[in-house]
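Working notes, beginning with the structure itself.
What you are looking at is a predicted structure, and each value in this text was computed from that prediction instead of being measured.
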Number of protein chains: 2
Amino acid sequence: MARQKAQPSAPGPDPAPVSLWERLERPAPAPRTTLTPQKIAAAGIRIADTEGIDAVTMRRLATELGVAPMAAYRYVSGKSDLLDLMTDAVYADLKPADDIDNWRDVLRTGALRNREIVLRHPWLIQISSPQVLRALTPNRIAAAERALSSLDGLGLDIDAMMAVVGTVNCYVHGAVSAECAHYLLMQEEGWTTNDDLRTAFAPQMRYLMDTGRYPTYHRYLHDGIHKDDPLWRFETGLDSVLDGIAARMGI
Amino acid sequence: MARQKAQPSAPGPDPAPVSLWERLERPAPAPRTTLTPQKIAAAGIRIADTEGIDAVTMRRLATELGVAPMAAYRYVSGKSDLLDLMTDAVYADLKPADDIDNWRDVLRTGALRNREIVLRHPWLIQISSPQVLRALTPNRIAAAERALSSLDGLGLDIDAMMAVVGTVNCYVHGAVSAECAHYLLMQEEGWTTNDDLRTAFAPQMRYLMDTGRYPTYHRYLHDGIHKDDPLWRFETGLDSVLDGIAARMGI
DNA sequence: ACGGCGGTGTGTACGTTGTATCCATTCGAT
DNA sequence: ATCGAATGGATACAACGTACACACCGCCGT
C-alpha cells in the first residue's frame, strides 16, 4: 500500500512548537540505543574539542557516531540545533557551589568556573553569538538564577540585581573570549609558547613601536610582569568589577 | 589556428559558443584599476552591514564589485584576508577624543565610542575571534595607548595600568557582544520589536518558568523596567566597573 | 499468529560554498 | 611596435548542509 507521510500533527497551521529543551527532559519513550540527543551532543563536543569547531560537520559527526550522514537529523533539526545541544551539554558542567551564599563568593566562583569551562571548550566563543543567545539553555538560566538569588534580600530592586549579574557576565565573557582567541590563534598557527607568538608578531610590532607613538604600550611590552599570566589578569579584573559593584550598589 | 577555444577536457559539444562578432561587441574594457583592497573591503562591509555577514561570500562580493567570482583573489589570499581587511577598515573610525585627559573620562568615552562602532557593524562580533586578534591594527593599538597614557603618573605600575585597560575592554567587549547578539537574532528572524522576540520565545520560556526553578529570573522577566534599555544597562555596568577600578587601584 | 504502522537509519541527490588552475586581455616599459 | 607582467574571466572540483524517498524492525490490536 502507499506509504503515508509521517506527520504526527496533521491539521492546524502551527503545530505547537515543542522546544528542544522540553523534549530533552521528557523521559525517552523507549530505551533507544544507537542514537540519542545526548550521544549526538557528546560526539559533537568530542570532535570540537579535539579537532576544532570547523571539523564539526554533519558528515564528520555521522562517522563519529558510526551512522549515515543523515541519521542525526532525526534528533536535531539542523546544524544549528546541534550547536545548541552541544552548548547546553557543556554548560551542564556549571554546577552550583551550594555551600556559599554570600553574593560576592557566588559570583566570583561562578565566574571562575565559567572561565574554566570555556577554556576547556574554546569553540564556545567561536559559535556565532545569536546562536548562543538563541540557546538560552536551562543550565545557563539556572546559573543566572543562582547568581540572582544570591543578591536577593539586599535591598536591590530587580533591575539592579540583573545589572549586577549582567555586568559580571559581560566581563567574564569578554575576558574569556580574549583568552580563548589568544589560545586558538596559537593553536591555529602551530605555536606552542607565547614566545612563538611574540617572535611571529615581532616584525610588525617592532615597526609599530619604533614609530614612537605608543610609548606606554611599549613600556608594557618591555616591563610587564604579568603578560603571560592570564589567571592573574582575570582575577584582578574580576575583583575590580566586584569591588565596583559593592561600591556602587552599596552592598 | 590563431585562437582556439579552451577545451581542457570533455570533448563533447561546445556548450557556449561565443562568436567572434559577439566577442567584438562585448562591453568596453573597463579602466584597469577596477579593483583595489580598499574597494574590496568597502564592498564587503556594505554587504555585511545590509545583509549580514553570512551574505558575504566570494561570489556575492564579486557581483557587488561587478567582476567575476575569482577576481578578488588577486588582492586577498582568501576569505580570511577579506575579513581582516574589513575589520581593519572599520576600526579606522575609532577616533581619539583629544580634549579630555582624566583617566575615567578617557576610558568611559572610549568605551561608548567602541560600542557605537560595533553596533554599527554588528558582524564584527560574529567573525571568529582569532581573526580579530590577528588583525591588530595601528588604530587599535593607538586606542590602547590613549587609555594607558591617561593612567600614567597616578602611581600605578605598568601591569596595573594594563589590567585596568584590559578590564574595561573585557567588559565592553562582553556587553557589546551580548547587545549585538540580541540585535542580530532579531534581524535574523525578521522580528522588529522586542515584543516579537518575547512572543517567539514565549513557549519555551513559559515552559522553563513554569518549572518554578527560576523564581528570581521570573521576577525579572515580570517586573524588570530596564529590560529594553541597552544603553542604561551598558552605562550602569560600565560605571560599576570604573568605580571598582577607582576603589581597588586607589585612584 | 499476523499485518500494518510509526519510528529509525540509509542512500541518493541538489544547490551553495571556497578556491585551484588555466586562459584572455590589457597596460606600461622598452 | 612589442613583449612581459599584471589583471580579470571561465571552468572545475571537493566539501558542505540538507531535502526526499526508501528499507528495516519492533510494537500494537486484532
Checklist entry - Would you say D/dG8 has OP1 or OP2 under 4.0 Å from some side-chain N or O of B/T34? => result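 Answer yes for this pair, as a side-chain N or O of B/T34 is under 4.0 Å from OP1 or OP2.
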Using whole Å, what does the distance between atom [atom2] of nucleotide [N] and atom [atom1] of [X] come to?
X     : N      : atom1 : atom2 : answer
B/L35 : C/dT25 : CG    : C1'   : 16 Å
B/Y75 : D/dA6  : OH    : P     : 11 Å
B/L61 : C/dT16 : CG    : P     : 18 Å
B/L82 : C/dT17 : CG    : P     : 14 Å
A/M58 : D/dA19 : CE    : P     : 10 Å

Checklist entry - Taking the inter-plane angle between the rings of B/W191 and B/F201 on a 0 to 90° scale, is it parallel (under 30°), tilted (30 to 60°) or perpendicular (over 60°)? => result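 Taking B/F201 first and then B/W191, their aromatic rings stand perpendicular (interplane angle over 60°).
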Checklist entry - Across the strands shown, which category fits B/A71 at heavy-atom distances under 4.0 angstrom: base, sugar-phosphate, nothing? => result sugar-phosphate
Checklist entry - For residues A/W123 and A/D49, is any side-chain donor paired with an opposing acceptor at under 3.5 Å? => result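 Side-chain D/A pair, A/W123 to A/D49: present.
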Item to check | Residue met sooner reading DNA chain D from 5', once B/A68 and A/P69 are mapped to nucleotides | outcome: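 Its nearest nucleotide lies further toward 5', so the answer is B/A68.
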Next on the checklist: Is there, by distance only and without an angle test, a donor paired with an acceptor across the side chain of B/R59 and the base of C/dG18 below 3.5 Å?
Outcome noted: yes
Side chain of [X]: nearest nucleotide among [options]?
X     : options                : result
B/K79 : C/dG18, D/dC16, D/dT7  : C/dG18
B/Y73 : C/dG18, D/dT18, C/dA20 : C/dG18
B/M70 : D/dT18, C/dT8, D/dT11  : D/dT11

Checklist entry - Taking everything shown except A/R213 itself, do over 12 heavy atoms lie less than 6.0 Å from its CZ? => result no
Checklist entry - So, the side chain of A/Y220 versus the backbone of B/M162: is there a donor-acceptor pair under 3.5 Å, distance only? => result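 Not confirmed, A/Y220 side chain does not pair with B/M162 backbone.
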Checklist entry - On DNA chain C, nearest-nucleotide positions of B/R74 versus B/S77: which is more 5'? => result B/S77
